[in-house]
Amino acid sequence: DAFDATGLYLLPGAIDSHVHFRDPGYPHKETWRTGSAAAACGGVTTVFDMPNTNPPTGTLDALELKLSAARSSYVDYGIHGLLGDDTIAHLEALVEAGVTSFKAFVGNTFGNLPAPTDGALLEGFEKLAPLGVRTVVHAENSSILSRRQKRMQDAGRIDALAHLAARPAVAEIEAIGRVLTLAEWTGARVHIAHHSAADSLFLIRDAKRRGVDVTVETCPQYLLLNTDDMSRLGGILRLNPPIREPRHNDPLWQALKDGTIDMIATDHAPHAVEEKTRSNIWECDCGFPGVETQMALMLTEVNRGRASLMEYVRWSAVAPAKAWGLYGTKGVIAPGAHADIALVDLDRKGVLSQHTLHSVSRISPWHGRLVHGYPVHTLVRGRFVMRDGALVEDALGWGRSVKTIQQMPTPRPLNTAHYTSAILTTPAGVRPTAEPLDA
Ligand code: NCD
Ligand code: ZN
Ligand code: ZN
């Protein structure tokens with residue numbers, strides 16, 4: 001059945017390095033079915049799921065539960081395993097069994113996983129460095145200013161200042177510095193999750209210059225929102241790290257453009273509506289859904305002239321493909337090579353609504369936001385998972401682990417010998433001989 005792509009742009013599907021699909025453990029927040037439907041309808045063809053599920057993805061049994069839940073996915077997926085003091089002994093086995101990468105919750109957040117000790121981080125990095133496996137780090141030092149936070153919480157303060165005091169930028173700066181030091185020392189690959197602060201960019205620039213294998217993501221919320229939005233959105237906007245002051249927005253854009261920040265992820269962190277709207281803001285769960293809205297939000301910025309379409313493609317697909325080693329045959333990074341595609345309408349305007357989200361969590365700080373540019377069709381390995389803006393229900397379970405895909409035959413691996421002979425063939429079809437002309 002033919003379809004009409006007139007007027008649309010063809011982009012590689014987005015690769016979202018950071019989603020929480022909550023499955024197993026919290027089906028009232030999200031499931032693989034709903035989360036991956038949201039991804040499909042957001043132009044996202046591959047997601048990487050976080051390990052703070054129940055049970056956390058730090059044992060072989062927990063990984064088996066996660067992989068079996070992921071079988072209902074509409075889109076392809078990688079699995080971040082848990083790096084913590086209790087999981088160090090299982091890291092290699094987890095990689096063997098299907099984990100693509102790890103996450104270390106150096107800052108306390110949803111799931112209350114204990115932060116790894118520095119010794120465990122060091123040991124974990126030492127084990128993973130020779131395997132070339134990357135660790136995502138939630139880089140915040142939760143112990144910084146905790147007494148000030150507590151005083152403000154006790155006083156019931158819900159203003160932007162209290163929000164920031166709870167997770168000050170210095171907590172992020174300190175943890176990033178520590179993680180980069182350990183990464184450089186061990187030669188491990190690391191990835192800084194949900195980067196929010198302008199002040200720590202110098203540490204990353206410096207580490208990259210010295211050759212540390214660090215990749216960095218930021219999220220639409222840190223680029224487009226700031227503490228001025230707190231009074232309007234309250235508990236909806238609570239997340240870790242927090243939304244920061246307006247002065248952080250522009251440097252994060254600049255860092256994306258100059259390559260200090262590599263990519264955009266969403267930190268899709270769904271919670272039930274009642275968990276986000278409690279009257280005491282300090283009792284609201286942190287995070288909100290984002291996998292379905294990222295592309296429309298970012299294409300809007302492209303239309304506004306804030307980024308080029310090619311820059312967006314670099315941040316949404318090329319850089320994550322490279323960081324996670326996707327679709328690489330002989331070092332060739334080719335996002336879209338498996339026909340992972342988003343067809344987008346750059347002219348379409350509309351208003352984002354939380355009521356039509358495919359996520360269980362139908363609450364979003366983007367509700368009511370004007371957007372200009374939408375994904376219209378999404379294909380995962382050549383098959384529609386969203387068509388004409390609607391989820392293709394039949395594609396339930398079409399998603400595969402990226403580890404499995406890497407073992408599938410690559411469509412026409414680049415054959416250099418073939419290309420060389422094609423170039424040497426004259427238009428008349430006469431192949432030049434290898435003999436020197438003056439022989
Ligand atoms: C995330 C969650 O809800 O799992 N919340 C958040 O505020 N970012 C946790 C995380 O990303 O570390
Ligand atoms: Zn995190
Ligand atoms: Zn997260």
Side-chain angles (χ1 to χ4, degrees), residues 16-31 35 38-39 47-58 66 78-84 101-116 121 134-142 149 163-164 166-167 171-172 175-176 179 190-197 200 215-222 225 230 233-244 263-276 278 281-291 294 320 359-361 363-365:
D16 192 337
S17 308
H18 192 150
V19 304
H20 300 265
F21 282 173
R22 311 292 192 207
D23 192 357
Y26 309 98
H28 70 291
K29 295 177 188 282
E30 195 70 290
T31 62
V47 295
F48 284 80
D49 185 62
M50 286 294 168
N52 57 337
T53 40
N54 191 12
T57 322
K66 169 97 26 128
I79 306 289
H80 297 305
L82 181 70
L83 194 162
S101 37
F102 288 89
K103 181 167 182 184
F105 288 90
V106 169
N108 179 268
T109 187
F110 176 73
N112 270 319
L113 297 164
L121 266 185
R134 197 175 290 278
T135 302
V136 182
V137 185
H138 181 125
E140 285 190 290
N141 182 337
S142 302
Q149 170 192 6
H163 178 71
L164 292 170
R167 328 273 301 195
E172 190 172 325
I176 287 175
V179 164
V190 290
H191 177 85
I192 306 296
H194 38 49
H195 189 95
S196 73
S200 47
T215 51
V216 185
E217 70 185 35
T218 189
C219 315
Q221 52 269 31
Y222 300 115
L225 300 176
M230 277 304 291
L233 293 164
I236 297 174
L237 212 48
R238 266 203 83 201
L239 88 157
N240 299 327
I243 294 297
R244 301 212 178 274
M263 68 189 80
I264 289 166
T266 64
D267 191 6
H268 175 83
H271 297 285
V273 174
E274 54 279 13
E275 293 164 338
K276 289 300 289 174
R278 291 179 178 133
I281 189 176
W282 298 108
E283 283 165 15
C284 291
D285 282 341
C286 289
F288 44 79
V291 75
Q294 179 269 113
S359 182
V360 171
S361 171
I363 186 151
S364 165

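Both counts, for ligands and for their atoms, begin at 1 and track the order of listing.
Short contacts between ligand 1 and K103, defined as distances under 4.0 Å to a heavy atom of the residue, involve ligand atoms 10 (C), 11 (O), 12 (O). Interface of F110 with ligand 1, defined as ligand atoms under 4.0 Å from a residue heavy atom, comprises 2 (C), 3 (O), 4 (O). The H194 neighbourhood of ligand 1 comprises atoms 11 (O), 12 (O), with distances under 4.0 Å to a heavy atom of that residue. When each atom of ligand 1 is checked for a heavy atom of L239 under 4.0 Å away, the hits are 7 (O). Contact atoms of ligand 1 toward H138: 10 (C), 12 (O) (distance under 4.0 Å to a heavy atom of the residue). The atoms of ligand 1 that sit less than 4.0 Å from any heavy atom of D267 are 6 (C), 8 (N), 11 (O). When each atom of ligand 1 is checked for a heavy atom of A269 under 4.0 Å away, the hits are 1 (C), 2 (C), 3 (O), 5 (N). Atom numbering of ligand 1 starts at 1 in the shown order; those under 4.0 Å from a heavy atom of H271 are 3 (O).
A donor-acceptor pair is defined here as one N or O able to donate and one able to accept, closer than 3.5 Å; no such pair exists between the side chain of K29 and the backbone of V360. Of the possible donor and acceptor atoms, none in the side chain of R134 sits under 3.5 Å from a partner among the backbone N and O of H191. Of the possible polar contacts, none joining the E217 side chain to the A193 backbone as a donor-acceptor pair under 3.5 Å is found. Proximity of a side-chain donor or acceptor of T218 to a complementary backbone N or O of H195 within less than 3.5 Å is detected. When atom types are taken as modelled, the side chain of E172 and the backbone of P241 share no donor-acceptor pair closer than 3.5 angstrom.
Atom CG of L233 sits about 9.0 Å away from atom OG of S364, to the nearest 0.5 Å.
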* Quick one: do H20 and Y26 satisfy side chain to side chain contact (heavy atoms under 4.5 Å, CB included)? Show the steps, please. => CA-CA 10 Å; H20 300 265; Y26 309 98; over 6 Å; no
* Asked: Hey, mind stepping through L113 and H138 against side chain to side chain contact (heavy atoms under 4.5 Å, CB included) and telling me if it holds?
  -> CA-CA 12 Å; L113 297 164; H138 181 125; over 6 Å; no
* To do: Could you please spell out the steps behind the side chain to side chain contact (heavy atoms under 4.5 Å, CB included) verdict for H271 and F110?
  => CA-CA 10 Å; H271 297 285; F110 176 73; 3.8 Å; yes
* To do: Could you check L121 against L83 for side chain to side chain contact (heavy atoms under 4.5 Å, CB included), going step by step and ending with a plain yes or no?
  => CA-CA 8 Å; L121 266 185; L83 194 162; 4.3 Å; yes
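No part of D285 comes within 4.0 Å of ligand 1, judged by heavy-atom distances.
Under the 30°/60° scheme for interplanar angles, the aromatic rings of H18 and H194 are found to be tilted.
At the shortest separation from atom 9 (C) of ligand 1 among protein heavy atoms lies T109 OG1, 3.2 Å. The nearest heavy-atom contact from the protein to atom 1 (C) of ligand 1 is H20 NE2, 3.7 Å. In terms of protein heavy-atom proximity, atom 7 (O) of ligand 1 is closest to N240 N, 2.8 Å.
The heavy atom nearest to atom 3 (O) of ligand 1, considering only R22, R238, H18, is found in R22.
Considering backbone and side-chain N/O atoms, C286 comes within less than 3.5 Å of an N/O atom of ligand 1.
Taking D16 as the reference, T266 meet the side-chain hydrogen bond (donor to acceptor under 3.5 Å, both in side chains) condition, with sequence neighbours excluded.
Around the Zn ion (ligand 3), protein N, O or S atoms at less than 2.8 Å number 3.
Each of H268, K66, K103 was scored for a side-chain contact (heavy atoms from CB on, under 4.5 Å) with D49, with one residue passing: K66.
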